[in-house]
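Contents: one structure, followed by commentary.
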Amino acid sequence: MTVRSRFAPSPTGLLHIGGVRTALFSWLYARRHGGVFILRIEDTDRERSTEAATQVILDGMQWLGLTADEGPFYQTRRMDRYAEVIEQFLASGHAYRCYCTKEELEAMRARQMAAKQKPRYDGTCRNRTTPRAGVDPVVRFRNPLDGTVVVEDVIHGNVVFDNAELDDLIIARSDGSPTYNFCVVVDDMDMRVTHVIRGDDHLNNTPRQINMLRALGATLPVYGHLPMILGADGTKLSKRHGAVSVLQYRDEGYLPEALLNYLVRLGWSHGDREVFTLAELTQLFDIGDVNKSASAFSPDKLLWLNQQHIMRAAPELLARYLKPQLAAIGIVVDDDAKLAAVAHAMRERAKTLKEMALNSTYFFKLDGYDEKAAKKNLTSEAVRPLTVVLEKLAALTDWRAAAIHDIVNLTAAELQVGLGKVAQPIRVAVSGTAVSPPIDSTLEVLGRETTITRLQRALDYASRQ
RNA sequence: GCUCCCAUCGUCUAGAGGCCUAGGACGGAGCCCUCUCAAGGCUUAAACCGGGGUUCGAAUCCCCGUGGGAGCGCCA
């Protein structure tokens, strides 16, 4: 049997970290078992669903590389099918029309709450045979009155619910539109979903869905309810925690693979390993290894993992992401080879691509010196080392890090000063700051012309001090 | 209120009854390396929610508390 898993977000809010983690586990499970991953947009709430939210889901999934084999399907385009099943339920007696008004239902709930009971529909219309004038009825599913429903969950084990705890849920509103739990059931059946992997906030919905699936004579999927992700403060993830949309992580300079790596470790582990590529995850991930407790989101650890992935990434790949980050701060670069060279030099010293861009500007233009750095390093004391090193570099034909390295060392040796006395002035001269990759590779990337020009300018500056 | 779920360092986790003097990672502290910043290496502080059982033996199994979470919508 081919595994068929799905991700079924509703576009009522922007796709966030929690949603992505659910999508990831579902996707990984399908990939691991050579199965099919389905994307389904649950947009039956016409009021709250937005085009923008749908676009974030689509763009986010694409950015992350969580590609769907089937879909995206939209529930709003399946209304005829839902209507068909509702009729079927009505005809078979699995559903009935309920003429209770919203006001009556609210009053009932209030009464039950006051009596410290669980609020639930009391079944008033269960055996009603005649319509009630002036009321557009809803359709309710006739839930079994007794017995139990066992949810066989690969993460939680067997979870038992008493049917007596469940009531007859509304599957069609008074305007005829179908509701969430019902649509999920019809879709999962029609799309032949074998594995339902979703947040454990849905665990309580599952027995109702199972009852409907049974009424339809469908084979039950395997369930896996994932623990929730909480904000860094341990409370429920919300707008307060920033990161409204996953795309924000792209804009902040996170690598998709790093974000996914971070997310997979929330609730899942593989021995002591922390760093995984996506390819490795598709080999190693198993839903049975997922734990049951909620976990808090740690921005620090994500940052660390992002750096780990940046360090390991191919410069050419980094260059692709670095380019728009530089453009965002007004530096437009067309030279992809140079971009890759910069990324290579910088990849061990940036936690995000955005940070890399911010700290790489001098590779493309130098506007002036950092005041403190210049004051400390471009002094009269620096004139001699700069002069000597400039002279040697000007004569260098083989412009590569190794050769540059030798020249800098030789200069320090000749002048009988520490390496720092030579390297730091050069660093400030070419980068305008006191921080850069090793001076030899910095100069290599900068190129001969730029280096010479900047050294001369710095020499002028230092001479005036 | 009722039902369901969950519970190991600050955080993410390892742990399937003896391997636990509870391991790793992030973050913290310190040291080393060093041309800056990083990266890397080493050291260090830091946890089994509480109480009862079961057992020769419990972080691991059972029960009861406690704490946290979810659901109980003509939302999804």
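Order of the sequence lines fixes the chain letters, A, B, ..., with proteins taken first and strands second; residue numbering starts at 1 for each chain.
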Next item on the list: State whether D167(A) and R208(A) are salt-bridged, where the test is any N-O pair (Lys NZ or Arg NE/NH1/NH2 against Asp/Glu carboxylate O) under 4.0 Å.
Entry: yes
Next item on the list: May I ask you to verify if any side-chain N or O of H202(A) is less than 4.0 angstrom from the OP1 or OP2 atom of G71(B)?
Entry: no
Check: Is there a donor N/O on one and an acceptor N/O on the other, under 3.5 Å, for the side chain of R349(A) and the base of C37(B)?
Finding: yes
Note to self: Taking donor-acceptor contacts at under 3.5 Å, does the side chain of N204(A) reach the base of A70(B)?
What the structure shows: yes
Next item on the list: Answer with base, sugar-phosphate or nothing: what part of the nucleic acid does N181(A) contact at a heavy-atom distance below 4.0 Å?
Entry: base
Check: Is S269(A) touching bases, backbone alone, or none of the nucleic acid, heavy atoms closer than 4.0 Å?
Finding: sugar-phosphate
Item checked: Flag, side chain of N261(A) to backbone of F276(A), donor-acceptor distance under 3.5 Å -> yes
Checklist line | Qualifying residue for ring pair (Phe, Tyr, Trp, His ring centres under 6.0 Å) with H195(A), from Y29(A), F7(A), F25(A) | finding: Y29(A)
Notebook entry, point to check: What orientation do W268(A) and F285(A) show, parallel under 30°, tilted 30 to 60°, or perpendicular over 60°?
Noted result: tilted
Margin query: Quick check: on RNA chain B, is the nucleotide nearest A296(A) upstream (toward 5') of the one nearest R208(A), or the reverse? Name the residue that is more 5'.
Written below: A296(A)
Notebook entry, point to check: Ring centroid separation for F89(A) and F141(A), is it under 6.0 angstrom?
Noted result: yes
Next item on the list: Can you tell me, in whole Å, how much space there is between the C1' of G73(B) and that of U13(B)?
Entry: 37 Å
Next item on the list: Please work out if L203(A) contacts a base, only the sugar-phosphate, or nothing of the nucleic acid, heavy-atom cut-off 4.0 Å.
Entry: sugar-phosphate
Note to self: For a quick check of understanding: with a heavy-atom distance under 4.0 Å over all strands, which category does V159(A) fall into, base, sugar-phosphate or nothing?
What the structure shows: sugar-phosphate
Note to self: With rounding to the closest Å, how many angstrom separate the P atoms on G17(B) and C32(B)?
What the structure shows: 45 Å
Next item on the list: Check every strand shown and say whether S436(A) touches a base, only sugar-phosphate, or nothing at a heavy-atom separation below 4.0 Å.
Entry: base
Notebook entry, point to check: When all nucleic acid strands are considered with a 4.0 Å heavy-atom cut-off, which category describes R427(A): base, sugar-phosphate, or nothing?
Noted result: base
Next item on the list: Could you check I155(A) against R273(A) and say which one's nearest nucleotide on RNA chain B is further toward the 5' end?
Entry: I155(A)
Checklist line | Distance-only donor-acceptor test, S174(A) side-chain atoms vs C74(B) base atoms, 3.5 Å | finding: yes
Next item on the list: Give one of base, sugar-phosphate or nothing for E42(A), where a contact means two heavy atoms less than 4.0 Å apart.
Entry: sugar-phosphate
Next item on the list: Would you please confirm or rule out a distance under 4.0 Å between OP1 or OP2 of G40(B) and any side-chain N or O of Q308(A)?
Entry: yes
Margin query: Once hydrogens and angles are ignored, does a donor-acceptor distance under 3.5 Å link the base of G24(B) to the side chain of E274(A)?
Written below: yes
